[in-house]
Amino acid sequence: MLVLVLNCGSSSIKYQLISMNDETVIAKGLVERLGIEGSRLKHETIGKDTYVLQKPMQTHTEAIGYIMDVLVDPEYGALKDLSEIDAIGHRVVHAGEKYSSSVLINDDVMAALEECVDLAPLHNPPNMDGIRACQQVMPGRPMVAVFDTAFHQTMRPESYLYAIPYDAYEKFGIRKYGFHGTSHKYMAIRAAEMMNVDVNDLKLITCHLGNGASVSAIKHGRSVDTSMGLTPLEGLVMGTRSGDMDPSVVAVLTDKLGISHDETIEMLNKKSGVLGISGISSDFRDLEAAMKKGDKRAELALRVFAHKVRFYIGAYIAEMNGVDAIVFTGGIGENDAYMRNLILSNLGNLGIKIDRTKNASITGDQSFLSTDDSRVAVMVITSKEELMIARETYDIVRRNRYI
Ligand code: ADP
């Protein structure tokens with residue numbers, strides 16, 4: 001059983017071909033700069049040389065055509081024929097309140113996604129382009145949509161409602177939705193396996209810390225709260241995103257800078273976060289290098305980031321009346337020992353103690369970094385969102401008797 005996982009962004013496509021027999025990645029690749037100058041496809045079939053195609057690619061359909069070509073290429077490919085792909089799993093960002101789990105794609109699902117375009121104008125259209133492109137290239141092949149928002153649909157109204165006139169929720173669907181759901185769900189499942197405890201008996205706080213970053217409170221396997229909101233701009237301070245702040249800042253900035261409302265939102269998405277505070281970079285490696293050379297604003301940016309993560313951890317411990325484990329994933333969560341330490345040091349009164357030596361020398365893709373006497377387990381788990389999407393796709397396709 002082979003599942004192709006596709007993650008279509010506005011100017012990029014990431015993909016993995018996964019064998020579900022042993023959950024191994026057979027081939028993977030990335031299209032970058034789609035629709036702009038310098039488009040390229042980089043493909044790797046495991047055990048073979050890397051293939052790079054540099055040529056203009058204007059549309060998702062065109063790029064997916066090149067991906068399919070290389071997948072069956074005798075020298076670089078992994079397949080004899082595209083018919084060997086049993087199903088395709090698509091990452092889709094926003095399902096609004098419509099879906100609380102993954103679904104088999106049909107015309108009704110496409111219509112529902114169209115309705116959510118207002119909620120995710122940057123993300124849903126390229127996700128849908130990817131689905132349509134695959135429908136053209138592989139008509140009739142079962143496809144599943146796996147949503148970033150679905151896992152958080154278990155939040156209760158007191159967690160997801162904004163305190164604005166209720167009409168805004170009823171008429172426009174303005175509420176907290178949360179994102180990174182596939183990643184938070186994967187962390188919860190793996191953490192329970194690592195602890196050898198049923199996920200239904202655990203209270204977990206999962207921290208997905210990458211360029212985009214979010215924290216979730218997961219009680220008994222269900223998301224009860226998460227830091228991102230209507231869009232992925234709310235919550236933690238991120239690489240280039242502001243995260244939480246007084247909404248009046250938007251009006252004041254727009255006024256003071258004499259820019260449009262859209263330009264202000266763009267600034268909050270692309271020029272804020274640790275990049276905005278430091279004035280140096282959104283990459284934590286650059287910031288830590290600058291801090292070591294004495295740059296005070298780089299250090300401040302890192303402290304503001306850590307403060308916000310700690311703030312949410314505290315809130316979620318209160319919300320769940322305790323926590324059994326705190327999990328880190330994402331580029332920062334998996335690799336940045338300095339940041340993990342900054343976030344968690346000094347939480348001994350809450351029963352959270354990390355072992356500095358273990359923290360500094362994580363090995364493997366899942367490790368504990370708490371001390372033996374820490375009441376709360378702390379662990380790092382390598383994010384495997386593609387595998388999670390492949391698993392959901394496989395399950396749904398099987399339940400619908402395609403295989
Ligand atoms: P995305 O949200 O784009 O998937 P990732 O999860 O790949 O992001 O995280 C990328 C970020 O991870 C980088 O911008 C960088 O800040 C951070 N990062 C990656 N490796 C390291 C490292 N060794 N030390 C510190 N930070 C790192």
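Counting convention: from 1, in listed order, for ligands and their atoms alike.
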Tell me which protein heavy atom sits closest to [atom], plus the residue, atom name and distance to 0.1 Å.
| atom | answer |
| --- | --- |
| atom 4 (O) of ligand 1 | Lys14 NZ, 4.9 Å |
| atom 16 (O) of ligand 1 | Phe284 N, 2.8 Å |
| atom 23 (N) of ligand 1 | Asn335 CB, 3.4 Å |
| atom 13 (C) of ligand 1 | Asp283 OD2, 3.8 Å |
| atom 24 (N) of ligand 1 | Arg285 CG, 3.4 Å |

Next item on the list: Give a yes/no on ligand 1: does Gly212 have at least one heavy atom closer than 4.0 angstrom to it?
Entry: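 Gly212 counts as a contact of ligand 1 under the 4.0 Å cut-off.
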Within-cut-off N or O pair, [X] and ligand 1, under 3.5 Å:
| X | value |
| --- | --- |
| Gly331 | yes |
| Gly330 | no |
| Asn211 | yes |

Notebook entry, point to check: Judged by modelled atom types alone, do Asn200 and Asp198 share a side-chain donor-acceptor pair under 3.5 Å?
Noted result: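 The criterion, which ignores hydrogens and geometry beyond distance, is satisfied for Asp198 and Asn200.
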Item checked: No-hydrogen, no-angle side-chain donor-acceptor test under 3.5 Å, Ser159 and Glu319 ->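 Ser159 vs Glu319: donor-acceptor pair found between side chains.
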Item checked: Under 4.0 Å to a heavy atom of Asp336 - the qualifying atoms of ligand 1, by number ->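 Taking each heavy atom of Asp336 in turn, ligand 1 has 25 (C), 26 (N) under 4.0 Å.
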Note to self: For Leu302 versus Tyr338, what's the shortest heavy-atom pair and its separation?
What the structure shows: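 Minimum heavy-atom contact is CD1-CE2, 4.2 Å.
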Notebook entry, point to check: Can you check salt bridge (Lys or Arg N to Asp or Glu O under 4.0 Å) on Arg398 and Asp86, steps first, answer last?
Noted result: CA-CA 10 Å; Arg398 222 174 23 173; Asp86 294 288; over 6 Å; no
Next item on the list: Give the single entry among Leu287, Val274, Ile332 that approaches atom 17 (C) of ligand 1 most closely by any heavy atom.
Entry: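 Heavy atom nearest to atom 17 (C) of ligand 1 belongs to Ile332.
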Margin query: Evaluate Tyr76 against His43 for ring-ring contact (aromatic ring centres under 6.0 Å, His included), listing each step before the verdict.
Written below: CA-CA 8 Å; Tyr76 297 102; His43 172 92; 8.1 Å; no
Check: Residues two or more places apart in sequence or in another chain: which of them pass side-chain hydrogen bond (donor to acceptor under 3.5 Å, both in side chains) with Thr206?
Finding: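 Result, side-chain hydrogen bond (donor to acceptor under 3.5 Å, both in side chains) vs Thr206: His184.
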Notebook entry, point to check: Considering residues at least two apart in sequence or located in another chain, which fulfil the side chain to side chain contact (heavy atoms under 4.5 Å, CB included) criterion with Asn335?
Noted result: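 Not a single residue meets the side chain to side chain contact (heavy atoms under 4.5 Å, CB included) criterion with Asn335.
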Checklist line | Salt bridge flag under 4.0 Å for residues Arg391 and Glu23 | finding: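 Answer for the salt bridge query: yes.
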